[in-house]
Asker: 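First the structure, which I've put down as structure tokens, then a few questions once you've had a look.
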Amino acid sequence: AALVTVLFHLGEMATATQSLDEATFEVLGAELGYKIQVVSPEDEERELLDSFDIDLEAELEAEGDADLEKRPAVVTVMGHVDHGKTRLLDAIRHSNVVEGEHGGITQHIGAYQIGFDHDGRQRRITFIDTPGHEAFTAMRARGAKVTDIAILVVAADDGVMPQTVEALNHAQAAGVPIVVAVNKIDKEGANPDKIRGQLTEYGLVPEEYGGDTMFVDVSARQNLNIDDLLSAVLLTADAALDLRANPNKDARGIAIEANLDKGRGAVATVLVQSGTLKVGDTIVAGIAHGRVRAMFDENGDQVEAAAPSRPVQVLGLSTVPRAGDTFLVTDDERTARQIAEKREAADRNAALAKRRKRISLEDFDKAVAEGKVDTLNLILKGDVSGAVEALEDSLLKIDVGEDVQLRVIHRGVGAITQNDVNLATVDNAIIIGFNVKPAERVAELADREGVDMRFYSVIYAAIDDIELALKGMLKPEY
Ligand code: GDP
């Protein structure tokens, strides 16, 4: 209460639970005779590494032009469900994967690199092969930038759909150039021109219409024009991006996916972003640390060293890092362990703070009254599509009044996934599970991120809860 009084005298109206901006905090501190510093997660991370004499920014600044070498583009494939993302990733991989000693039998490690001849030059492209928004949102939620270029897949027999728009919004928000793959042109009723027209409305103007976005008509099923698509990716990279990194230093990069293997322990796929990762290096990735015992590529072949833009599976970590966690090489194992431990402690504190901050159904009306939100974002998951549709229909029929909105930002059939939680984190949404539950790891993630999940087995119970939350939340009239 004393703080509120001081704020009042500073000309700020505040309530006891409101969060304040940085500048207000600093003035407030001065007024009370304290020096208050607002610390962002990035600052915290910088300080942590600084205390171990690791200064990544100074290292970047010290790099001259001569140290930088061209590196392959890293590409994510995005688009609406069923428009052919998976099929396209398969077609690309089979068209050009450098055959390994196991006869080209590829493994899913979360990313792969292809090599091919283009205009007389040997070129490479790295693909993140978790299709859809998963890879993108998970990483964006932790502020990691992995993707250089996004391929937006749109089925020519269907058209621009909600997830198409969502995908292009994600890419544009991240400042990532887009190449459009107009897929399924083998199908009857395919209308690639319609897609071009539709996407123009979203700012993606085809080159042939005078814009600067490359559109390529493909068929993932018939392996049609895959080479043209790869060319378009290269041309876009060459024209819009200067992709270079210094390979001659200790590696740094991002964890793309990871799992616990019964026999091999923690197995993490990492993407090297700069430097070269070698077997025997000591690394710390998020809260995982250890010595790189072995590395494998997408063919399952052992590799000794991985240069920038190269994805590799790494063995030897103490635990499983999260998608989007950064990794770096340290001088010794002790440093790696200490950094990991400090991060783990910081994570625990941050989780507590977040849980207090994130939206929950109970305090939604309060958040509205404080003017913090005016939309209740929901993610619906159910065991059968009929139930999800019925739930959505009933929800959208709720009379929410004039000042607030209810939005279903994502719906789907099946268990609540990590992607659902990541979406909820990015869009501050509440997850409704109808006869479905999350896997243990997903529940942990939701808990850590403070995402409110609600489970129901009767539609009316869900509707009742949301109605109550909404009813209480109408803004007070003045
Ligand atoms: P995703 O959900 O975007 O990953 O879509 P999928 O790759 O799973 O493809 C959805 C369906 O469309 C599958 O049945 C594919 O076989 C089919 N499909 C994908 N690409 C093509 C294509 O180029 N032509 C035709 N005819 N079917 C395709």
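We count ligands from 1, going down the list as the structure has it; atoms in each ligand are counted the same way.
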Asker: How does Lys187 reach ligand 1, by side chain, by backbone, by both or by neither, if only non-hydrogen atoms under 4.0 Å count?
Answerer: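 Near ligand 1, Lys187 shows its side chain, while the N, CA, C and O stay back.
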Asker: Could you tell me which atoms of ligand 1, counted from 1 in the order shown, lie closer than 4.0 angstrom to a heavy atom of Val81?
Answerer: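 Answer for ligand 1: 2 (O).
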Asker: Check for a donor-acceptor pair, side chain of Asp148 on one end and backbone N or O of Val74 on the other, with a separation under 3.5 Å.
Answerer: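 Such a contact is found between Asp148 side chain and Val74 backbone.
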Asker: At a 4.0 Å threshold, what atoms of ligand 1 neighbour a non-hydrogen atom of His80?
Answerer: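 Result: 3 (O).
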Asker: Quick test of your reading of the model: are Asp325 and Arg343 salt-bridged, counting only N-O distances below 4.0 Å?
Answerer: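 Salt bridge absent between Asp325 and Arg343.
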Asker: Pairing donors with acceptors under 3.5 angstrom, does anything connect the side chains of Asp228 and Ser231?
Answerer: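 Looking only at side-chain atoms, Ser231 and Asp228 do not form any donor-acceptor pair under 3.5 Å.
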Asker: If you measure from each non-hydrogen atom of Thr86 to ligand 1, which part falls under 4.0 Å: side chain, backbone, both or neither?
Answerer: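 It is both parts that get close, each with some atom under 4.0 Å.
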Asker: Strictly distance-based, threshold 3.5 Å: is any side-chain N or O of Arg454 a donor or acceptor partner for the main-chain N or O of Ile432?
Answerer: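 Checked: no pair found.
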Asker: Report the part of Asp82 in contact with ligand 1, treating N, CA, C, O as backbone and CB onward as side chain, heavy atoms under 4.0 Å; options are side chain, backbone, both, neither.
Answerer: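 Both parts.
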Asker: Can you check whether Gly84 has an N/O within less than 3.5 Å of an N/O in ligand 1?
Answerer: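 So ligand 1 has an N or O lying under 3.5 Å from an N or O of Gly84.
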Asker: Are Arg221 and Asp186 within salt-bridge range, i.e. N to O under 4.0 Å?
Answerer: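 Looking at Arg221 and Asp186, the cut-off is not met.
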Asker: From the options Arg87, Met78, Lys85, Lys184, select the one whose nearest heavy atom is closest to atom 12 (O) of ligand 1.
Answerer: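 Considering heavy atoms of Arg87, Met78, Lys85, Lys184, the nearest to atom 12 (O) of ligand 1 sits in Lys184.
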Asker: Going through the checks in order, is the ring pair (Phe, Tyr, Trp, His ring centres under 6.0 Å) test met by Tyr112 and Phe127?
Answerer: CA-CA 5 Å; Tyr112 62 81; Phe127 285 88; 5.6 Å; yes
Asker: Report yes if Ala220 has an N/O atom closer than 3.5 Å to an N/O atom of ligand 1; otherwise report no.
Answerer: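 Yes, since at least one N or O of Ala220 sits under 3.5 Å from an N or O of ligand 1.
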